[in-house]
Amino acid sequence: MDAYDPHAIERKWQQVWQEAAAFETPSHPETTDRRKAYVLEMLPYPSGELHMGHVLNYTLGDVVSHVRRRRGYAVLRPMGYDAFGLPAENAAIREGGHPRAVTERNIAAIREQIKRMGWSIDWTREVSTAEPEYYRWTQWLFLKLFDAGLAYRKAAPVKWCPNDQTVLANEQVIDGRCERCGWEVEVRNLEQWLFKITDYADRLLEDMSLLESWPERVLTMQRNWIGRSEGAEVLFRIEELDEDVPVFTTRPDTLFGATFFVLAPEHPLVERFAGRTPELLDYARHAAAKKIEERASDDKTGLFSGYHAINPVNGERIPIWVADYVLMEYGTGAIMAVPAHDERDFAFAKRFDLPIVQVVAPADGGGDPETAYVAHSDNEVLVNSGEFSGLPAPEGKRRIVEWLEDRGLGRATTSYRLRDWLLSRQRYWGCPIPVVHCERCGIVPVPEEELPVLLPEVEDYLPKGRSPLAAAEDWVRVSCPSCGGEGRRETDTMDTFVDSSWYFLRYTDPHNDAAPFDRALVDYWLPVNQYIGGIEHAILHLMYARFFTKALYDLGLVGFEEPFARLFNQGMIYRFGAKMSKSKGNVVSPDELVERFGADALRVYILFMGPADADKEWQETGVEGASRFLQRLWRVVGNELDRTPTGVATGTPLARKAHATIAKVSDDIERRFVFNTPIAAVMELVNEISRSADDDASRFAVETAVSLIQPYAPHIAEELWSALGHSRLWREPWPEADPSQLERELIELVVQVNGKVRDRVQVQAGLGKDELVALAKRLPKVQAYLNGQEPRAYVVPDKLVNLVV
RNA sequence: GCCGAAGUGGUGGAAUUGGUCAGACACGCCGGCCUCAAAAGCCGGUGGCCUUCGGGCCGUGUGGGUUCGAGUCCCACCUUCGGCACCA
């Protein structure tokens with residue numbers, strides 16, 4: 001056999017697969033009894049080229065896909081590009097090209113990289129979100145949500161990135177900074193488009209039970225983000241203004257401890273206090289303008305308003321303060337302050353010398369009013385609480401809420417941290433929002449038959465604080481679809497995350513030009529059986545996609561409520577202790593490695609490195625090691641071809657090893673979803689083959705090794721499979737281990753005395769406990785430790801006997 | 001502060017349900033073969049300490065516990081990473 005030349009064979013087999021349409025899947029699989037598997041990896045942003053994270057992500061999906069195919073499943077495995085949006089646009093600005101040109105060039109490069117890696121993708125389903133054929137349907141879906149009242153426009157304080165010159169969704173603000181560029185985010189009051197994701201808060205929580213397998217940490221992150229908390233809304237009366245002001249509290253049982261009342265600086269009532277306390281306006285303006293981090297500092301500031309509110313449960317007049325530690329965005333923007341039982345209220349009361357009244361105490365006494373005793377309400381009772389004193393806290397909570405409800409002073413309610421999804425962006429490179437503003441008719445959707453609203457060409461697409469589309473005056477001016485009068489197009493574009501909230505549906509029916517997808521097709525393929533991607537989308541993409549799916553379900557467009565049954569997050573790859581990034585200069589280029597060692601070696605190493613879900617350190621010599629293994633496999637096959645095959649597949653040590661390897665690899669990939677140890681198992685088998693040249697089952701063992709490595713290293717596997725006289729390994733049924741070959745006739749029995757191994761002995765498998773004990777006790781080495789005493793015995797059949805004296 | 005994950009040789013990691021002296025499989029390193037030499041390849045060794053070379057003792061972040069038996073279970077602590085954080 002010739003030497004192993006990865007480049008030649010990789011080119012050759014990629015060509016063969018393409019010509020054979022090997023990985024194309026009909027949308028309606030002909031044989032309906034075939035089980036389906038939709039294997040999906042998060043699609044790449046074409047803002048640069050593929051990096052090691054992609055290599056891991058897509059190789060992982062490839063292994064799953066190959067094994068499922070060879071198990072007889074109809075496998076859908078598409079690929080596309082998340083082509084609109086800030087990453088691609090910023091790349092274009094950096095390089096000085098047009099976003100479309102830069103995006104298309106990047107897509108071409110990425111497509112080339114994907115092909116060189118030999119991933120088994122159905123290329124007939126390739127999708128790019130920036131193509132009119134795709135975004136036409138993004139617009140169509142937007143209008144469906146608009147008609148259902150789920151997309152709306154309103155003026156609100158929004159997060160603004162001064163660098164990217166656009167508004168951001170709450171989910172895109174990390175520690176007060178822009179998720180993309182890291183600039184500090186400002187708050188501006190602007191009219192923007194939002195999706196009513198808050199309507200789905202409860203279902204986003206409850207339907208987690210419908211998910212087959214998602215990482216617990218992702219679910220936790222989504223739960224935290226939605227931030228559901230149950231409590232009560234309570235009305236506090238301000239007699240001087242004739243106003244009832246609602247507050248939200250999770251602890252209505254502490255109502256008797258409310259000794260003051262606090263409004264957020266942005267609260268609309270603050271203006272009305274100004275008559276009596278003019279300096280409030282100045283304070284409120286300053287506080288509201290503070291940066292997010294400053295406001296979250298420990299030094300609470302505040303100002304007494306000069307007004308009082310009535311605590312509804314005891315009629316007490318308590319002072320109203322305005323303070324920056326209360327946020328307008330959460331609850332009602334006003335709180336009842338219970339300094340005895342809330343650390344923040346406590347700190348504020350101490351600073352401004354406000355009264356502190358303890359109203360909850362541990363059932364066994366104690367509790368110190370001089371510290372903010374944070375009540376937990378499991379084993380506590382109410383004190384200083386009028387008729388409710390002495391009740392256990394949970395009951396007190398219920399009774400006080402009932403009391404308030406009876407008098408129209410409050411009600412049980414639920415509050416959420418989740419805000420509506422702000423989807424409009426003042427940027428060029430995105431999907432145009434398909435509505436027209438008309439002075440007479442208001443917001444008018446562009447009629448379905450006029451979609452897509454094409455993204456106009458503009459001279460200057462740089463961000464300027466208003467959408468660059470506004471400069472395309474001819475495009476903006478349009479007649480109103482409703483009254484025919486003068487109208488102006490919406491010039492904002494959509495957040496990229498809108499594009500990626502439904503792409504997994506489009507893949508099932510990518511060329512449909514009458515609808516975004518056929519209901520029967522999405523219902524057949526979805527939910528995605530295995531979704532694979534990075535943890536960075538734990539909240540953003542994954543929550544948006546869940547929301548979209550539920551909204552489309554409610555609209556009758558799809559028949560399922562969750563898009564992704566199983567989710568897997570691959571770990572990040574580090575080098576020199578840091579995440580690979582261009583700015584740190586620690587990037588390893590996949591292209592270079594493919595050039596040096598071939599795609600198969602890179603594929604094997606990226607999965608051999610360690611558990612796929614763990615963060616891992618890149619090893620410089622790793623790919624070389626994988627390449628050596630493939631060469632060893634190559635040589636082992638070459639040696640085998642010089643022999644005359646015996647046809648023996650059972651009974652010999654090598655046959656047993658091969659069957660054990662089949663069992664191990666299958667179990668690891670299919671049940672445990674573990675991808676590194678199967679490679680180690682095949683390495684062991686290959687080592688074993690080299691050591692046992694005379695074994696009659698060597699042909700079987702060699703073929704098994706080739707067959708098992710195919711999902712990882714499909715090119716060399718295919719080449720060797722051919723050399724062994726077969727063809728089309730990618731369609732060959734996945735090997736089955738013969739159970740009889742997994743059982744051993746002789747086992748090595750470990751004999752321990754007092755928990756320490758003292759001897760081991762070959763015995764027949766399947767012996768009873770008594771026989772094993774008797775056998776163990778006869779061993780001379782064991783007797784030396786027993787000193788003639790009668791031991792207690794612990795037996796693990798076919799494994800171990802522990803004798804204890 | 002709260003929530004979550006993780007700590008195993010020089011390195012990446014393995015040990016699936018508590019059960020074969022923990023360290024598979026690799027990387028690296030050491031020795032040997034081959035070679036004029038090198039590379040590649042092949043063979044052997046490689047947790048620590050002690051050793052009369054038979055073996056002995058110790059060892060999975062730290063300290064305790066449960067158990068005949070613990071990397072694996074429980075408690076406390078330390079460290080690292082991730083998420084959330086004036087959320088009322």
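Below, chains carry the letters A, B, ... as their sequence lines are ordered, and counting in each starts from 1.
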Any-strand Watson-Crick or G-U partner of rU11(B), both distances under 3.5 Å
rA26(B)
Between rA26(B) (C1') and E624(A) (CD): distance, integer Å:
12 Å
In whole Å, what is the span from the CD atom of E343(A) to the C1' atom of rC87(B)?
14 Å
When both distances are under 3.5 Å in a Watson-Crick or G-U wobble arrangement, the nucleotide paired with rA76(B) is rU62(B)
Salt-bridge contact R228(A)-D202(A) (side-chain N to carboxylate O under 4.0 Å):
yes
Please give the distance between the P atoms of rC78(B) and rG55(B) as a whole number of Å.
44 Å
Once you round it to whole Å, what is the distance between C1' of rA24(B) and NZ of K657(A)?
9 Å
Does the structure show a Watson-Crick or G-U wobble partner for rC2(B), both distances under 3.5 Å? Name it, or say none.
rG83(B)
Taking atom P in both rC73(B) and rA6(B), what distance in whole Å separates the two?
9 Å
Distance, P atom - from rG12(B) to rU67(B), rounded to whole angstrom
36 Å
Row check, F348(A) ring normal vs K300(A) NZ/CZ: under 6.0 Å, within 45°
no
Need the glycosidic conformation of rG44(B): syn if within 90° of 0, anti if not. Which one?
anti
Under 3.5 Å for both donor-acceptor distances, Watson-Crick or wobble: does rA38(B) have a partner, and if so which one?
none
Could you work out the separation of rG63(B) and rU8(B) based on their P atoms and round it to a whole Å?
16 Å
Can you find a side chain N or O atom of R635(A) that sits less than 4.0 Å from OP1 or OP2 on rC42(B)?
yes
Does rC25(B) have its OP1 or OP2 closer than 4.0 Å to a side-chain nitrogen or oxygen of N676(A)?
no
Suppose we call a contact any N or O donor and acceptor under 3.5 Å apart; does that hold for the side chain of K664(A) and the base of rU16(B)?
yes
Nearest-angstrom distance, C1' atom, rU35(B) to rA40(B):
11 Å
May I ask which nucleotide in the shown strands pairs with rU52(B), Watson-Crick or G-U wobble, both distances under 3.5 Å?
none
It should be established whether R632(A) places a side-chain nitrogen or oxygen under 4.0 Å from OP1 or OP2 of nucleotide rG41(B).
no
Expressed in whole Å, how much space separates the P atoms belonging to rA14(B) and rG9(B)?
14 Å
Output yes when at least one side-chain N/O atom of R792(A) is less than 4.0 Å from OP1 or OP2 of rG69(B), else no.
no
Do Y712(A) and D600(A) have side-chain atoms, one donor and one acceptor, less than 3.5 Å apart?
no
note: L779(A), atom CG; rU20(B), atom C1'; distance rounded to Å ~ 14 Å
So, Y330(A) and S229(A): side-chain donor and acceptor under 3.5 Å apart, yes or no?
yes
Write down the distance between CD (E617(A)) and P (rG10(B)), rounded to a whole number of angstrom.
17 Å
Can a side chain N or O of T677(A) be found less than 4.0 Å away from OP1 or OP2 on rG13(B)?
no
Is the phosphate of rC87(B) approached by R344(A) (side-chain N or O, under 4.0 Å from OP1 or OP2)?
yes
Nearest-nucleotide pick for N802(A), side chain only, options being rA26(B), rC68(B), rA14(B)
rC68(B)
Heavy atoms of other groups near R223(A) CZ, more than 12 under 6.0 Å
yes
Taking the P atom of each, how far is rG61(B) from rA39(B), in whole Å?
39 Å
Rounding to the closest angstrom, what is the interatomic distance between rU46(B) and rA24(B) at atom P?
10 Å
Nearest-Å distance for atom pair CG/C1', residues D615(A) and rG13(B):
14 Å
Measure from the side-chain heavy atoms of Q619(A) and tell me the nearest of rU11(B), rG19(B), rA88(B).
rU11(B)
Can you check rG41(B) for me, syn or anti if syn means within 90° of 0?
anti
Pi-cation contact, W214(A) with R566(A) (under 6.0 Å, within 45°):
no
Strand partner of rG31(B), provided both Watson-Crick or wobble distances fall under 3.5 Å
rC43(B)
Inter-residue atom distance M221(A).CE - H537(A).NE2, 0.5 Å rounding:
11.5 Å
Can you tell me which nucleotide in rG19(B), rG12(B), rA88(B) comes closest to the side chain of L800(A)?
rG19(B)
Counting only heavy atoms not in D2(A), do more than 12 fall under 6.0 Å of its CG?
no
Base, sugar-phosphate, or nothing: which does P611(A) touch, judged by heavy atoms less than 4.0 Å apart?
sugar-phosphate
Return no unless some side-chain N or O of N224(A) is found under 4.0 Å from OP1 or OP2 of rC87(B).
no
Rounded to whole Å, OH of Y794(A) lies from C1' of rC68(B) at a distance of 4 Å
Minimum-distance nucleotide (side-chain atoms of D667(A) versus rU16(B), rA88(B), rC25(B))
rU16(B)
Please give, in whole Å, the distance from rA6(B) C1' to Y574(A) OH?
12 Å
Mate of rA70(B) across any strand shown (Watson-Crick or G-U wobble, both atom pairs under 3.5 Å) is none
